[in-house]
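See structure below.
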Amino acid sequence: MQLAKRLENLGTETAFAVSGAAAAWAARGNRVFPFHLGDIDLPTPANIVAAMNRAISEGKTGYCAAAGIAPLREALAANIGRDRGLSLGPENIVVQPGGKPVITKFIQTMMNPGDGVLYPNPGYPIYESQINYFGGRALPYRYHETSTGFGIDLEQLRSLAPQARLLIYNNLQNPLGCESSPAEMAEIARIAVEHDLKVLSDEAYFEMRYAGKSSSIASLPGMAERTVILYTFSKKFAMTGWRLGCAAGPEPVISQIAKLNTNDESCTTHFVQVAGVEALQHPEGAAPILAELQKRRDAAIAALQDVPGLKVARPDATFYLFPNVTGLLTRKGFNDVAELAKAALHDIGVSFCTRHHFGTRQPAETEHYIRLAYSGISCAMITEGIGRLAEWARKG
Ligand SMILES: Cc1ncc(COP(=O)(O)O)c(C=O)c1O
């Protein structure tokens with residue numbers, strides 16, 4: 001069957017293939033330690049579930065407004081505005097089935113074919129997929145390893161900016177777990193203003209932090225009028241499968257995105273939106289989720305100290321670690337992290353994604369990395385799994 005030509009440019013999340021390989025290995029009777037899952041294995045807070053059930057029994061099961069129900073838009077405007085120091089009204093909010101649709105709708109709204117789009121690499125793979133699918137020019141920007149994590153190569157970003165019309169920025173980053181210093185964020189904002197770049201600020205992990213305070217690039221001078229924020233309920237409230245999020249930004253962009261909603265899905269599920277209002281008004285249930293993730297982070301960092309050939313930073317946000325495993329590769333005699341990942345699954349049942357799942361390796365890269373997610377694995381399994389990894393590494 002002949003399919004549309006443009007599909008040749010559509011990418012995917014190749015990380016899902018890792019889940020498939022881990023499931024197949026487990027189905028053969030093996031124990032698997034799932035460090036590949038970006039999903040959360042904790043329940044959605046009970047008050048949110050109860051609000052959804054109430055909404056269904058009250059008959060909130062039909063179509064609703066394409067841009068989202070008024071109480072949710074109002075609650076999101078108040079919440080996102082308060083946490084970021086922005087002045088937002090409901091006209092600045094368009095509800096989405098998850099955070100991910102904001103990526104495609106921002107690109108469809110702001111990008112013409114041939115336009116250059118800066119985006120992080122390593123980074124969330126859907127950026128590159130959507131830029132290519134809609135005929136943009138992908139301009140990946142890189143990170144360098146620092147003593148405390150990773151920083152954006154600002155020199156490279158600045159040198160690419162004249163070719164770009166859009167900038168995608170993911171602070172509290174997947175897969176790196178890193179965050180910008182205030183100086184780094186200020187410099188990125190300056191570059192955006194100087195080159196008149198329109199910005200997608202992917203803030204999926206804004207609330208997933210264990211110390212310090214998040215801030216948004218949208219709150220810096222000259223940025224609010226050029227920035228669309230990606231907001232999601234998925235992580236904070238362990239609601240990944242509910243599909244609820246929004247785009248927050250300038251009204252002319254937001255109203256066009258609402259028109260895309262009408263074309264794409266008509267509206268986000270009504271009773272899910274009602275539950276979203278409950279989540280924002282009574283967010284107490286989110287605290288135990290964050291507390292558990294922090295314990296897991298600490299367990300993972302402690303155990304990783306014993307793995308020879310591996311270096312890891314201790315991020316204060318997200319639920320990802322991105323260790324440098326260049327030394328481990330040498331010890332085990334592998335040339336590539338893909339070989340390491342395959343052998344780790346089959347030898348010790350430890351499953352993880354690698355750098356390859358987060359964009360094409362850039363020419364200047366010499367080091368090798370894997371991503372360990374601790375959102376879908378208990379503390380006990382983290383300690384045991386990484387313990388196995390350490391023993392395996394020691395054997396050489
Ligand atoms: C950086 C980033 N942006 C966006 C998303 C999409 O989130 P959602 O599940 O709400 O669509 C994810 C999900 O993992 C992510 O890591």
Side-chain angles (χ1 to χ4, degrees), residues 19 34-35 37-65 68-84 90 93 95-102 172 174 203-211 213-214 230-246 248 265 267-300 316-320 373-382:
S19 296
F35 289 96
L37 288 174
D39 205 348
I40 305 176
D41 67 345
L42 302 169
T44 304
N47 63 317
I48 303 174
V49 176
M52 186 206 67
N53 284 331
R54 250 189 339 268
I56 294 181
S57 49
E58 285 165 6
K60 299 208 164 59
T61 50
Y63 295 125
C64 59
I69 60 172
L72 183 58
R73 292 177 82 191
E74 278 157 22
L76 282 164
N79 196 279
I80 296 171
R82 181 199 64 211
D83 291 351
R84 290 158 179 79
I93 303 291
V95 175
Q96 300 297 324
K100 199 183 242 179
V102 180
L172 310 190
N174 178 11
E203 300 181 5
Y205 298 92
F206 193 86
E207 284 114 340
M208 307 313 287
R209 63 153 59 248
Y210 316 111
K213 192 172 178 309
S214 295
L230 178 157
Y231 175 93
T232 179
F233 289 78
S234 295
K235 321 287 174 183
K236 178 176 180 184
F237 299 105
M239 289 174 70
T240 52
W242 290 60
R243 312 312 300 140
L244 188 62
C246 81
E265 66 276 334
C267 60
T268 297
T269 311
H270 192 165
F271 50 81
V272 169
Q273 292 194 51
V274 175
V277 177
E278 169 70 20
L280 295 175
Q281 287 174 349
H282 300 284
E284 306 78 44
I289 296 170
L290 200 61
E292 170 61 21
L293 290 171
Q294 182 169 1
K295 276 193 216 145
R296 293 180 184 184
R297 190 256 334 240
D298 293 344
D316 278 330
T318 77
F319 36 69
Y320 305 113
Y374 51 86
S375 52
I377 178 165
S378 67
C379 278
M381 290 277 280
I382 287 171

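For the numbers below, each heavy atom of this structure counts, side chains included, while hydrogens, waters and symmetry mates do not.
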Within this structure, what is the CD-CD1 distance for the pair Glu74 and Ile69, rounded to the nearest 0.5 Å? 10.0 Å
Say you draw a straight line from OG of Ser57 to CZ of Phe271; how long is it, rounded to the nearest 0.5 Å? 11.0 Å
Using side-chain heavy atoms (C-beta onward) and a distance below 4.5 Å, is Lys236 in contact with Pro283? yes
Taking the side chain as every heavy atom from C-beta outward, state whether Val274 and Met52 have any pair of such atoms under 4.5 Å apart. no
Rounded to the nearest 0.5 Å, the OG1 atom of Thr232 sits from the CD atom of Glu203 at a distance of 12.0 Å
For the pair Asn47 (side chain) and Gly285 (backbone), establish whether a donor and an acceptor sit closer than 3.5 Å, ignoring hydrogens and angles. no
Please confirm whether the backbone N or O of Asp39 pairs with a side-chain atom of Ser375, one donor and one acceptor, at under 3.5 Å? yes
Shortest non-hydrogen separation from Val277 to Pro71 and the atoms involved: CG2-C, 4.0 Å
Please name the residue in the list Arg297, Glu292, Met381 that meets the side-chain contact (heavy atoms from CB on, under 4.5 Å) test with Tyr374. Arg297
Just wondering, do Leu230 and Phe206 contact through their side chains at under 4.5 Å, heavy atoms? no
Please assess Glu265 against Gln96 for the test side chain to side chain contact (heavy atoms under 4.5 Å, CB included), listing each intermediate value before the final yes or no. CA-CA 9 Å; Glu265 66 276 334; Gln96 300 297 324; 4.2 Å; yes
With a 4.5 Å limit on heavy-atom distance, are the side chains of Ile289 and Pro45 in contact? yes
Does any part of the side chain of Leu293, heavy atoms only, come nearer than 4.5 Å to the side chain of Tyr210, both counted from C-beta? yes
A side-chain contact here means heavy atoms from C-beta on lying under 4.5 Å apart; do Phe233 and Leu76 qualify? yes
Is any side-chain heavy atom of Trp242 closer than 4.5 Å to a side-chain heavy atom of Phe237? no
I'd like to know if the side chain of Arg296 reaches the main chain of Ile377, judged simply by a donor and an acceptor atom lying under 3.5 Å from each other, with no hydrogens or angles considered. yes
For the atom pair NZ (Lys295) and SG (Cys379), what is the distance rounded to the nearest 0.5 Å? 6.5 Å
Once you round to the nearest 0.5 Å, how far does CG of Leu280 lie from CD1 of Ile80? 8.0 Å
If you draw the axis of the six-membered ring of Tyr231, does the NZ or CZ of Arg84 fall within 45° of it and under 6.0 Å from the ring centre? no
Would you say the side-chain atoms of Arg73 pair up with the backbone N or O of Gly68, donor to acceptor, closer than 3.5 Å? no
Taking the side chain from Thr240 and the backbone from Ser234, do they hold a donor-acceptor pair closer than 3.5 Å? no
Does Leu72 reach the side chain of Leu244, with side-chain heavy atoms less than 4.5 Å apart? yes
